[in-house]
Amino acid sequence: MAHLRGAGRGTVARVDGLACTPLFPGHPVIQVVACDGRLLGRARRHHDGHTARWVAVPVGSARETGAYRTLHGAARALARHHGIRRHRVTDCRAFVGSATATVPSPWFT
């Protein structure tokens, strides 16, 4: 997690399982994706004028792994890229910036 900057770092570090959160609060266009506190990459929303897609980019790379219809689809693709077979994604958007919030485990919701 040392390479991750912004408000999303502390949020995804506390989540068990696959999670995504905005890199900066209030700006959901770039999302950080992590699994069990390990940074997997980022997903960014791309709009070409006709369609909007989520582009997945693994950590340590500038190459896109693909474009997906949903943020959770992009997060699952990043997990697969790293050999992780998790399917449920926790969206931590509501927990960014809240020091007292407890981030739930995706396995008990």
Side-chain angles (χ1 to χ4, degrees):
M1 298 298 288
H3 301 99
L4 179 59
R5 298 179 202 272
R9 175 178 51 192
T11 304
V12 294
R14 297 185 315 231
V15 177
D16 293 328
L18 190 56
C20 57
T21 191
L23 181 60
F24 299 104
H27 302 281
V29 176
I30 300 174
Q31 298 273 326
V32 174
V33 180
C35 187
D36 297 329
R38 177 179 156 219
L39 179 63
L40 301 180
R42 67 186 187 279
R44 72 179 153 74
R45 193 166 189 271
H46 176 75
H47 193 281
D48 66 3
H50 299 288
T51 58
R53 297 283 188 216
W54 285 93
V55 177
V57 180
V59 68
S61 172
R63 299 192 87 151
E64 302 170 354
T65 61
Y68 304 89
R69 287 184 292 174
T70 66
L71 170 59
H72 288 194
R76 287 189 290 270
L78 286 169
R80 282 191 307 273
H81 178 82
H82 288 278
I84 300 167
R85 300 288 180 215
R86 298 270 174 95
H87 296 287
R88 178 173 255 175
V89 181
T90 300
D91 189 348
C92 300
R93 211 175 332 192
F95 303 105
V96 173
S98 174
T100 60
T102 303
V103 180
S105 168
W107 309 114
F108 298 106
T109 58

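By the 4.5 Å heavy-atom criterion applied to side chains, Gln31 and Arg44 are not counted as neighbours. His82 has its side chain within reach of Pro58: a pair of non-hydrogen atoms, C-beta onward, lies under 4.5 Å apart.
Nearest heavy-atom pair, Gly37 versus Ala34, reported as atom, atom and distance to 0.1 Å: C-CB, 4.5 Å. Minimum heavy-atom separation, Tyr68 to Ala56: CE1-CB, 3.9 Å. Summarising the geometry of Arg42 relative to Leu78, their closest heavy-atom pair is O-CD1, 3.7 Å, with the distance given to 0.1 Å. Taking both residues in full, the closest heavy atoms of Ala43 and Ala74 are given as CB-CB, 4.0 Å, listed atom of the first, atom of the second, then distance.
Atom CG of Asp91 is separated from atom CG of Leu18 by 11.0 Å, given to the nearest 0.5 angstrom. Here the straight-line distance linking atom CZ of Arg76 with atom CD1 of Ile84 works out to 14.0 Å at 0.5 Å rounding. Rounding to the nearest 0.5 angstrom, the gap separating the CZ atom in Arg63 from the NE2 atom in His81 is 10.5 Å.
Between the side chain of Thr90 and the backbone N or O of Cys92, no donor-acceptor pair lies under 3.5 Å. Formation of a donor-acceptor pair under 3.5 Å by the Asp16 side chain with backbone atoms of Asp36 is not found in this model. His46 places no side-chain N or O within 3.5 Å of a backbone atom of Val55 that could act as its donor or acceptor partner.
In the hydrophobic cluster analysis, where Ile, Leu, Val, Met, Phe, Trp and Tyr join through side-chain heavy atoms closer than 4.5 angstrom, Leu39 is grouped together with Leu23. Taking hydrophobic clusters as Ile, Leu, Val, Met, Phe, Trp and Tyr residues chained together by side-chain heavy-atom distances below 4.5 Å, Phe24 shares a cluster with Val59.
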